[in-house]
Amino acid sequence: MMRAAWRRLCAVAALAPVAMAARAQDVPYAFPASLPAATRAELTRLADSARAAGIPTDPIVLKAAEGVLKGAEPARIVRAARSLVAEYGGVRGLLARDASPALLTAAVNVLRAGMPRPALVDMLAAGSGDDTTLAAGLVAAADLVTNGVPASRAASAVTQLLRRRAPEAALLELRAGVARDVANGGAPDAALGARLSGILGGMRPP
Amino acid sequence: TAQRRGATHPEGRLAASGPVHRDGPGATTVRFTLVAPRAARVAVVGDFNHWDPARTPMRRAADGSRWEITVPLAPGRYDYSFVVDGVLATDPSAPRAPDADFGAPNSIVFVRGS
């Protein structure tokens, strides 16, 4: 009995370094296998440092996959990933330490859509501290800009709704309504004005 | 495999109806459609399938000209594109996002929460 237990213990002890080495070599990120090993190693280091800084790593993996699909050189893919991490790092400082990954990503996307940083700061300041509603506002702002609304007008509309404590549904309604109007041939700026007035008109006065 | 960009697809100008959402119990599905009668192979790629054309091939519809696929997606904003016989093509019926990183713009689909 004692000898059997000792054998099991020896077996576990013998395997432990192997298991630890395997863990150390684990690559927890699904970077495309077609990338050179050195590029994957560089991206892994970047993702590790991003994770340590509280930055989500999925967008880095997706950026690398997008680059591979588009035929980008490995060096360009690494540059794009670094740039993305820098953008996340830039907005990380504007948000609470426990900000959700969804809010971080929404903040990065709104800048990528062409929104000036001061406008992002205004929208964040207008939020009530509820990550979900704030993220919905930023998503709406990014989508408005994508649909052709001038960035300053989009930011102003979303800031106004966030200050009025508009619910998430109202922000999503603004985004969807303007997108529909633009798809039907409406002018983006006019569509925003009409939709915003409608939503504000349906809210209780401040 | 890298897809060609900037190449002219033999289909010429592509047409599409834009992503169509359908809410179901606990999930939202998005139907992507592209009119490409002369294409031999069409796929949709994007943030939702790791930009892998092999993961989401589209099926030719009964009319022989449309290609379709329905994809379950969680709420969020996704960049995507079509791959038509190895050539990247944005969705002509969806908003575009510029791509400063790799030079080929993407289409955008927004999936609302149910």
Side-chain angles (χ1 to χ4, degrees), chain A residues 30-35 58-59 61-73 76-84 87 101-102 105-106 108-114 132 135-136 138-149 168-169 171-173 175-176 178-180 182-183 188, chain B residues 1-7 16-21 23 28 30 43-56 74-84 86-114:
Chain A
F31 290 119
S34 60
L35 283 171
D58 280 353
V61 174
L62 290 173
K63 183 55 68 182
E66 183 185 353
V68 168
L69 179 86
K70 292 182 175 178
E73 293 294 319
R76 191 170 183 185
I77 291 173
V78 172
R79 273 202 307 277
R82 282 194 193 290
S83 166
L84 187 62
E87 287 170 37
T105 297
V108 168
N109 282 340
V110 84
L111 291 177
R112 289 203 146 215
T132 306
L138 298 184
V139 167
D143 226 47
L144 290 170
V145 174
T146 303
N147 274 296
V149 174
E168 182 189 358
L171 292 153
L172 298 180
E173 183 190 332
R175 186 214 67 80
V178 172
R180 266 197 308 275
V182 171
Chain B
T1 307
Q3 308 301 313
R4 288 171 288 156
R5 61 194 157 97
S17 58
V20 177
H21 301 69
D23 293 330
T28 297
V30 178
V44 62
V45 290
D47 292 337
F48 46 81
N49 65 3
H50 276 238
W51 295 89
D52 183 353
R55 288 198 192 183
T56 320
R77 179 183 186 273
Y78 300 90
D79 281 31
Y80 73 98
S81 190
F82 294 119
V83 181
V84 184
V87 179
L88 277 170
T90 51
D91 187 336
S93 302
R96 281 187 193 188
D99 175 14
D101 296 317
F102 306 122
N106 299 323
S107 301
I108 300 289
V109 60
F110 176 86
V111 181
R112 61 187 176 267
S114 52

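The figures here come from the full heavy-atom set of this structure, side chains too, leaving out hydrogens, waters and symmetry mates. All chains are named by letter (A, B, ...) in the order of the sequence lines, taking the proteins before the strands, and each is independently numbered beginning at 1.
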If every non-hydrogen atom of B/W51 is compared with every non-hydrogen atom of A/L62, which pair is closest and at what distance? CD1-O, 3.7 Å

Can you tell me which of B/A97, B/P95, B/S81 forms the most heavy-atom pairs within a distance under 4.5 Å of chain A? B/P95

Where do A/L69 and B/F102 land on the side-chain contact (heavy atoms from CB on, under 4.5 Å) test, with the steps shown first? CA-CA 10 Å; A/L69 179 86; B/F102 306 122; over 6 Å; no

Separation between CZ (A/R79) and CG (B/D101), nearest 0.5 Å, reads 10.0 Å

Mind running salt bridge (charged side-chain N to carboxylate O under 4.0 Å, His left out) on A/K70 and B/D99 for me, showing each step along the way? CA-CA 11 Å; A/K70 292 182 175 178; B/D99 175 14; 2.9 Å; yes

At a heavy-atom separation under 4.5 Å, does A/V61 approach chain B through its side chain, its backbone, both, or neither? side chain

For B/G103 versus A/R76, what's the shortest heavy-atom pair and its separation? N-NH2, 4.0 Å

Name the one of A/T146, A/T105, A/L138 that satisfies side chain to side chain contact (heavy atoms under 4.5 Å, CB included) with B/R77? A/T146

Is it the backbone or the side chain of A/N109 that comes under 4.5 Å from a heavy atom of chain B, or both, or neither? side chain

Please list, chain by chain and in numerical order, all residues satisfying side chain to side chain donor-acceptor pair (under 3.5 Å) with A/T132, sequence neighbours excluded. none

Residue from A/E66, A/K63, A/R175 scoring the most non-hydrogen pairs under 4.5 Å with chain B is A/E66

Pick one of side chain, backbone, both or neither for A/L84, based on which atoms fall under 4.5 Å of a heavy atom in chain B. neither

